[in-house]
Student: 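Structure incoming, see below.
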Amino acid sequence: EITQKINYRIPTAVFYFKFKKCSGNHLSVVIQAPSVVKRDADYFFTVIFMNCGDSTAYDVPLGGSVDSVLIREIPGLQDFQANDSKSYTIKRTADTTEDKIILQADIGIPEGFIDGDPTNNTAMAVIKVTDPEPEKTPAPENDPDGPDQPDHPDIPNVVRLRKYHLVTCV
């Protein structure tokens, strides 16, 4: 038996895929967020990316930010079937010193895709941040334990300091 090494090179080929441009499609993004949150409180908002068209969109670039900080829960690229939507609910804490939080989201147009209305491919929402109100102290007339009013008006200098404790003031 004789073996011989054969030096044969398989020719390489470069493949090009050509896609037909998809018309009649519409990509858009919407942010649903509260209008006001209290400082240092948790809040949720939802970003909805949509393909409202008859054709599938591949490798659609998605993005979003909270006060210019990237939202990592949103993937960079996503495929969309016809009439498909993807929603992402995000939880954050309003730990800012500013009076507002700016949310931004955008959906890009992939190559070869014709968007019917690219004006709504970017969404923005502003959340007003308010300081929590301080705890209210009860009014003296509503405070049953307060020493302001005598419990026994007929006995001078007797005031109820705490429930069931009578003290005579000298």
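Atom set for the values below is all heavy atoms of this structure, side chains included, hydrogens, waters and symmetry mates excluded.
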Student: Over all heavy atoms of both residues, which pair between G53 and A82 is shortest? Give the atoms and the distance, please.
Tutor: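 Looking at all heavy atoms of both residues, the shortest contact is O-CB, 3.3 Å.
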
Student: Is NZ or CZ of K86 both nearer than 6.0 Å to the six-membered ring centre of F80 and within 45° of the ring axis?
Tutor: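 Judged by the rule, K86 and F80 form a cation-pi pair.
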
Student: Are any non-hydrogen side-chain atoms of K128 and I101 less than 4.5 angstrom apart?
Tutor: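 The answer is no; the side chains never approach within 4.5 Å.
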
Student: Mind checking whether L77 and Y58 have side chains closer than 4.5 Å, heavy atoms only?
Tutor: no

Student: Only counting residues at least two apart or in another chain, list the ones meeting side-chain contact (heavy atoms from CB on, under 4.5 Å) with Q81.
Tutor: T56, D84

Student: Can you name the side chain to side chain donor-acceptor pair (under 3.5 Å) partners of T46, sequence neighbours left out?
Tutor: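 With sequence neighbours excluded, T46 shows a side chain to side chain donor-acceptor pair (under 3.5 Å) to T89, given in chain and number order.
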
Student: Which other residues end up in the same hydrophobic cluster as V30, if Ile, Leu, Val, Met, Phe, Trp and Tyr are linked when side-chain heavy atoms come under 4.5 Å apart?
Tutor: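 Via sub-4.5 Å side-chain contacts, V30 links to I48, M50.
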
Student: Can you find a side-chain donor-acceptor pair between T119 and D117 that sits under 3.5 Å?
Tutor: yes

Student: If you define the side chain from C-beta out and look only at heavy atoms, does anything of V29 sit under 4.5 Å from V47?
Tutor: yes

Student: Less than 4.5 Å apart, side chain to side chain, heavy atoms only: is that true for V60 and D79?
Tutor: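 Side-chain contact under 4.5 Å: no.
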
Student: Is it the case that D106 and T122 place a side-chain donor and acceptor less than 3.5 Å from each other?
Tutor: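 No, because no side-chain N or O of D106 sits under 3.5 Å from a partner of the opposite role on T122.
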
Student: In the structure I gave you, are the side-chain heavy atoms of P110 and L27 within less than 4.5 Å of one another anywhere?
Tutor: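 Of all side-chain heavy-atom pairs linking L27 with P110, at least one is under 4.5 Å.
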
Student: How close do F49 and G63 get, counting heavy atoms only, and between which atoms?
Tutor: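 The pair with the smallest heavy-atom distance is CZ-O, 3.9 Å.
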
Student: Enumerate, atom names and distances included, each donor-acceptor pair closer than 3.5 Å involving a side-chain atom of residues 68-75, sequence neighbours excluded.
Tutor:
{"residue": "E73", "atom": "OE1", "partner": "R92", "partner atom": "NH2", "Å": "3.1"}
{"residue": "E73", "atom": "OE2", "partner": "R92", "partner atom": "NH1", "Å": "3.1"}

Student: Hey, could you give me each pair passing side chain to side chain donor-acceptor pair (under 3.5 Å) that has a residue in residues 31-41? Not counting sequence neighbours.
Tutor: R39-D131

Student: Among T96, T97, D99, find the residue that satisfies the side chain to side chain contact (heavy atoms under 4.5 Å, CB included) test when tested with V129.
Tutor: T96

Student: Determine whether a donor-acceptor pair (N or O, by modelled atom type, separation under 3.5 Å) exists between the side chain of N120 and the backbone of S28.
Tutor: no

Student: Considering non-hydrogen atoms only, spot the tightest contact between Y43 and A94 and give its length.
Tutor: CE2-N, 3.7 Å

Student: Work out which heavy atom in I127 is nearest to a heavy atom in V37; give both atom names and the distance.
Tutor: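 Taking every non-hydrogen atom into account, CG2-CG2, 3.7 Å.
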
Student: So, for T130 and V36, which heavy atoms are closest and what is the spacing to 0.1 Å?
Tutor: CG2-CG1, 3.7 Å

Student: Other hydrophobic cluster members with I102, side-chain heavy atoms of Ile/Leu/Val/Met/Phe/Trp/Tyr under 4.5 Å, chained?
Tutor: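 Grouped by the 4.5 Å side-chain rule, M124, V126 form the rest of the cluster around I102.
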
Student: Side chains of N83 and N51: any donor to acceptor distance under 3.5 Å?
Tutor: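 Looking only at side-chain atoms, N83 and N51 do not form any donor-acceptor pair under 3.5 Å.
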
Student: So, for P118 and G116, which heavy atoms are closest and what is the spacing to 0.1 Å?
Tutor: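 Smallest heavy-atom distance, with atoms named: CD-C, 4.0 Å.
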
